[in-house]
Amino acid sequence: MSDIKIRKAKIAKGGTVEASFYDRDGNDITLKGKNICHPDLKAAFAGLVPFLADLTEQKEADRIDWYNLDDAETVESLRYLEVTGFSISEDDVNPMVTLIGKRTLRTSKVLNLCAPATALNTDTESYERCTELDTALQVCIYEVEQYITERKWQIKQTELNFDNPDDPFASATPTDDVSLPESQEAEHVA
């Protein structure tokens with residue numbers, strides 16, 4: 001069991017995470033991360049795309065292979081959709097999730113999408129895939145928790161180490177003996 005309880009999470013424009021959660025003391029905390037999220041978190045959000053398509057009745061929903069969501073045809077049909085965030089109700093007995101996302105149109109404009117709140121309890125919800133939705137959501141929650149508590153971020157190279165002895169270009173030296181082909185030499189002179 002985690003020390004935090006995620007209420008909302010989204011991947012911001014810069015690839016960072018913004019989340020609201022309760023810590024173990026019941027404090028309501030909002031985090032605006034400055035580090036780019038790990039590819040595992042991006043993949044977890046991508047795992048919610050079929051549910052966004054289905055819940056918002058997008059045209060691609062009829063082409064989803066629910067038995068193989070990694071099927072190339074399914075992935076290709078969903079490529080214009082993206083889940084950017086989710087929100088979970090605070091009701092522990094009957095939690096509900098709202099998926100937030102977007103669709104990139106042929107004109108390159110963006111259509112924001114917000115799925116209707118969907119209960120994750122199979123006893124109270126008529127949505128036939130609420131168990132699968134809950135499973136995909138738990139993967140997202142886990143990855144958001146890892147971002148917050150374990151600092152699971154995308155590693156970015158902040159500096160270049162030119163003193164690395166294993167660098168095959170370490171002994172390269174600049175040369176002035178470069179001769180240009182005649183066509184480029186004429187352009188260079190002009």
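All heavy atoms count here, side chains included; hydrogens, waters and symmetry mates do not. Numbers here are sequence positions counted from 1. All figures in this text were calculated on a predicted structure; none of them were measured in a lab.
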All pairs passing ring pair (Phe, Tyr, Trp, His ring centres under 6.0 Å) where [range] contributes a residue, at least two apart:
| range | answer |
| --- | --- |
| residues 54-78 | Phe51-Trp66 |
| residues 26-48 | Phe45-Phe86 |
| residues 88-130 | none |
| residues 3-36 | none |

Handout entry: side-chain contact (heavy atoms from CB on, under 4.5 Å) partners of Gln138, counting only residues at least two apart
Key = Asp134, Ile141
Problem - Partner residues of Asn121 under the side-chain contact (heavy atoms from CB on, under 4.5 Å) criterion, sequence neighbours left out - result: Asn94, Asp123, Thr124
Between atom [atom1] of [X] and atom [atom2] of [Y], what is the distance when rounded to the nearest 0.5 Å?
| X | Y | atom1 | atom2 | value |
| --- | --- | --- | --- | --- |
| Glu57 | Asp62 | CD | CG | 9.5 Å |
| Asn27 | Ile4 | CG | CD1 | 12.5 Å |
| Lys13 | Thr84 | NZ | OG1 | 10.5 Å |

Fill in the blank from the handout: In short, salt bridge (Lys or Arg N to Asp or Glu O under 4.0 Å) pairs touching residues 37-50 with sequence neighbours left out are Asp40-Lys152
Handout entry: Derivation of the side chain to side chain contact (heavy atoms under 4.5 Å, CB included) call for Leu105 and Tyr80
Key = CA-CA 7 Å; Leu105 304 174; Tyr80 296 109; over 6 Å; no
Please check if the side chain of [X] supplies one atom and the backbone of [Y] the other of a donor-acceptor pair under 3.5 Å.
| X | Y | value |
| --- | --- | --- |
| Thr149 | Glu145 | yes |
| Asp23 | Asp25 | yes |
| Thr16 | Ala12 | no |
| Ser108 | Thr104 | no |

Between [X] and [Y], is there shared hydrophobic-cluster membership here, with clusters defined by ILVMFWY side-chain heavy atoms closer than 4.5 Å?
| X | Y | result |
| --- | --- | --- |
| Leu137 | Tyr142 | no |
| Leu41 | Trp153 | yes |
| Ile29 | Val17 | yes |

What pair of heavy atoms forms the shortest contact from [X] to [Y], and how long is it?
| X | Y | answer |
| --- | --- | --- |
| Leu78 | Pro50 | CD1-CG, 3.9 Å |
| Ala61 | Ala53 | CB-O, 3.7 Å |
| Ala44 | Val139 | CB-CG1, 3.8 Å |
| Gln154 | Cys37 | CB-O, 3.4 Å |
| Asn68 | Thr74 | O-OG1, 4.2 Å |

Return all side-chain donor-acceptor pairs below 3.5 angstrom for residues 109-119, not counting sequence neighbours, or 'none' if the list is empty.
residue, atom, partner, partner atom, Å
Thr118, OG1, Pro116, O, 3.0

Validation: residues 95-103 side-chain donor-acceptor distances under 3.5 Å, sequence neighbours left out:
residue, atom, partner, partner atom, Å
Arg103, NH1, Gln58, OE1, 2.9
Arg103, NH1, Glu60, OE1, 3.1
Arg103, NH1, Glu60, OE2, 3.3
Arg103, NH2, Glu60, OE2, 2.5

Among residues at least two apart in sequence or on other chains, which ones pass salt bridge (charged side-chain N to carboxylate O under 4.0 Å, His left out) with [X]?
| X | result |
| --- | --- |
| Arg24 | Asp3 |
| Glu18 | Lys10 |
| Asp28 | Arg7 |

Handout entry: Check: Ile148 and Ile6 side chains under 4.5 Å, non-hydrogen atoms
Key = yes
Practice task
Given side chain to side chain contact (heavy atoms under 4.5 Å, CB included), test Leu52 with Val83 step by step and report yes or no.
Solution key: CA-CA 7 Å; Leu52 177 70; Val83 172; 3.8 Å; yes
Practice task
List the steps and the verdict of side chain to side chain contact (heavy atoms under 4.5 Å, CB included) for Lys8 and Ile88.
Solution key: CA-CA 6 Å; Lys8 295 186 215 182; Ile88 303 170; over 6 Å; no
Exercise for the section: Please assess Val49 against Leu69 for the test side chain to side chain contact (heavy atoms under 4.5 Å, CB included), listing each intermediate value before the final yes or no. Expected result: CA-CA 10 Å; Val49 169; Leu69 292 174; over 6 Å; no
